[in-house]
Structures are given as structure tokens and as C-alpha cells.
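Not measured: the values here are computed from a predicted model.
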Amino acid sequence: MPTIVAKFGGTSVADYQAMSRCADIILANPNTRVVVVSASSGVTNLLVELTQDGLDDARRQQLLKDIASIQYKILDELGRPNDVAARLDNLLSRIAVLSESLSQERSKATMDELLAQGEQCSSALFAAVLREKGEVASAFDVRQVMRTDSHFGRAEPKIEQIATLCRLHLAPLLSTQRIVTQGFIGADEQGATTTLGRGGSDYSAALLAEALKASAVEIWTDVAGIYTTDPRLAPNAQPIAEISFNEAAEMATFGAKVLHPATILPAVRQKIQVFVGSSKEPERGGTWIRHQVSDEPIYRAVAVRRDQTLLNLHSLQMLHAQGFLAETFATLARHKISVDLITTSEVNVSLTLDKTGSDSAGNSLLSESLLQELSQHCRVRVEDELALVAIVGNKIASTPGVCRRVFEVLEPHNVRMICQGASPHNLCVLVAESEAAQVVRSLHENLFEGA
């Protein structure tokens, strides 16, 4: 029997009514055997605040109360089954203990365990909602199978170990019940809880699908699929019925919020199709992401990613010399930072870094120690409050007239960086964040509405 892994985000499991709608989606398809859930909407942000340094006791107690209120409200509407109530009590008590521990001693391992409790709560509650509807379902601790390294806050999954552990501990359960498990979290070799970084629940679902050789991954969110751009920026944005892995990877990387950038990687490796739809309105359909698609237009979408940082490095050592870039990238690698875009001249290198790629606790990747290390061999200038706008499509690099059409739209705006040619699927520009919405609207009107 084909296996489908379905993932539900925070708004989809925000309360009892939302969970009940999602349960109906699951029950409508007997092949949906694994359900991956995020923490209920708002809980992760409250947990992140609990990890912050200098939190006073009064605020800490209020945060604990707010978290408990969200979860107990769902429990009350379930009729407070004893086993679920006991599980929830234990988890909320654990949150209190961990937050107290963090107030005494800062520890990234403790932060990860604290942040993981939100998904533990929602999975226990969601499994109970399925059982209430007459389904055989149980909550499964994903830390049994989601093996990672020990880089707390942004752990890297160990693909082969995950596959082995899934075959041993998860796959045998699927023939007799639906399994509800957690996104975003894992465990290292010593059993310590780790997290995959903010937004990692999509990634978790895809990793489990890869390990189980699933036929599809369903990402249920609060929008009906992927659009030609954010409808809040361009009212005439249209839903996309089908896109390729390459296009989806570009869109996810460059700001399409309905899909986490890493999600596409396991799907590409195993050619697992991905569906994105609305848990509030499943009847509206959504977007299928596939290895091959029938239509490959030049322009597929306009994506925007805000909160970007431009790192300008100046050094006369670059002039007719070797090794400067190697040294720069080695420094970035030591700090576990990946570069998005890069342009070079004889004595300058400009790099974009995505500040939204911070760790689970929201800590910026652009640390003081990184800047000091880079400053040892070049002059460093940092520019903030920028946005990356990407035109995503097919054969962009080899189609005459694309640049002319795009730059006509960009004429009134100051463009800080242009990247085109490295991929046939995108053309990227860096603009002031204050101008990003207008740039996206104008590009969408010109490329999609003017035809």
C-alpha cells in the first residue's frame, strides 16, 4: 500500500476545531499513515521567549501560563481523557523545569529540549482527536528515528541512520494504525534532543517520507497552494497547479513561505511528489511539485525574501592573487554559514546572507566573532534592511529579452546586487526592504498580468 506522509503547520493545529478539520483530511485518505505536526500556533514563539537571557520570573510564569492555556483549551474540548491529560501535565511540568534550569545556566542543549516540548504537546493532542473520531492512532516520539548530529539549534540529519531506524521502529506500525509524530525535532547519538532550526517541520516530514519510501508528502498550511507571488502583495496573483522540483527549490530558497527550503531535498533524492494545500479549505486543491511537469513557462513566479544582509569585503590581497575567496569561505564554513548570492570585482566581494536562517532560538548567524575573524584579512562592511527579489522560471539565462523586461520595471529603484546566469531558473536582485513590495507588484504586473 502506498504511504503518504502529511504535515500540518502551527495554524492547522492551533485549536481543537483546526485539529478536527485536519483529522477529517487524514481520514479521507487511507494511505495517509504518518502525520507530522508542528507546535500549536503561538506556542513556539512563547517557548523561544522562555529561552531568552535575562527573563524575569514574573514574565517567565506568565509565559508558562499562556502555553498551558493554549494546550489545556484543546484538552478540555476533547473531554480531558485521563491518559492525554497526564501526558500534557508531564510535558508542561517539563517546560517549567527546563525554563528554570535555563535561568540558572545557559545551555543550547537545554534550549533545544525546551523548544521541542511544543511539538510533543500537539502530537499527543492530535492523536487523541483522531481516536475521538474512531481511528486507531498513537503519538510516536520522532526522536526514536530522527537521528542528527549534536549541533544544537540547527542540527544536521543523518540520512542513512534515519532510514535504518524508520525501518526498525516506525514502518512496522503503519499497517495497523495512523502515527502522529513531531516535526522540527530529533536526537543525537547520545539521545539528547536537537532541533532542525525554525521551519524544520516540513523538512522532518520529507526526511521521514524519504526513509519510508513514501509515494507523496502533503504539506497542509493556511494557503491553497503556491501562487505566482504572495497574494498580499499582488492581488491578481494566481495559484499554480503544478511546478517542477527545480522551480520549487528556487521558490522555497528565495522566500515562498509555504515551503521550507530544505523540504525539497529529500523529495528530489527519491523523486517523491509533494503537495501543498490549505487545511482550512482542502476542497480548493493546491499545488503539486513533481520531478517532471508538462508546462515549463519562462516566468513561473516572483518570490521575495526579506531581512537580508549584504556583506561587503574589500581587500587589496585579492588583486591578482589566489586564496582570498578560499579563506573567506573557510571562515564562513567554520561558523556554519552558507552564502546565497555572490558577486566579485578585483578587490571586492559582496555576499548575501539570509538572517531568517537563524537557529531555533532566533539567534542571528552574523555573530561578532565571525565579523572579527573576517576583519583580520579584509575590510568588512555590513548592510541591513534589504530584500531579495527572485524571478523564478525556466531557461531564464538563455531566453533573449528577459533582462530588458525586468530592468525596465526596476528603473526607478536602486538595485544593490544582481545575480543571473548561475541557474537557468532564476534572476535575483537585491533592493531596499522598504521598496520590496512595490518591486514585486510591478514585476508581477509586467510578467504575469500584462501578457
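Between E113 and R94, at least one side-chain N (NZ, or NE/NH1/NH2) sits under 4.0 Å from a carboxylate O, which counts as a salt bridge. With salt bridges taken as basic N to acidic carboxylate O contacts below 4.0 Å, none links K280 and D222. Look at E189 and K158 and you find a salt bridge, because one of the NZ, NE, NH1 or NH2 atoms lies within 4.0 Å of a carboxylate O, short of that distance. Using a 4.0 Å cut-off between charged side-chain N and carboxylate O, R60 and E100 make a salt bridge.
The closest side-chain donor-acceptor pair between Q438 and S442 falls under 3.5 angstrom. Side chains of H425 and E247: a donor-acceptor N/O pair is absent below 3.5 angstrom, by distance only. A donor-acceptor pair shorter than 3.5 Å cannot be found between the side chains of T194 and D112. For the residue pair N246 and E250, no side-chain donor N or O sits within less than 3.5 Å of a side-chain acceptor on the partner.
Using cut-offs of 30° and 60° for the angle between ring planes, the W220 and F8 rings count as parallel.
Other residues, nucleotides and ligands contribute more than 12 heavy atoms inside 6.0 Å of the CD atom of Q17.
At least one donor-acceptor pair closer than 3.5 Å links the side chain of S107 to the backbone N or O of T110.
Of all non-hydrogen atoms in L165 and Q144, the two that sit nearest each other are CD1-O, 3.7 Å.
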S20 and K133: CA distance, side-chain angles, deciding distance, side-chain hydrogen bond (donor to acceptor under 3.5 Å, both in side chains) verdict: CA-CA 9 Å; S20 185; K133 291 178 177 285; 3.1 Å; yes
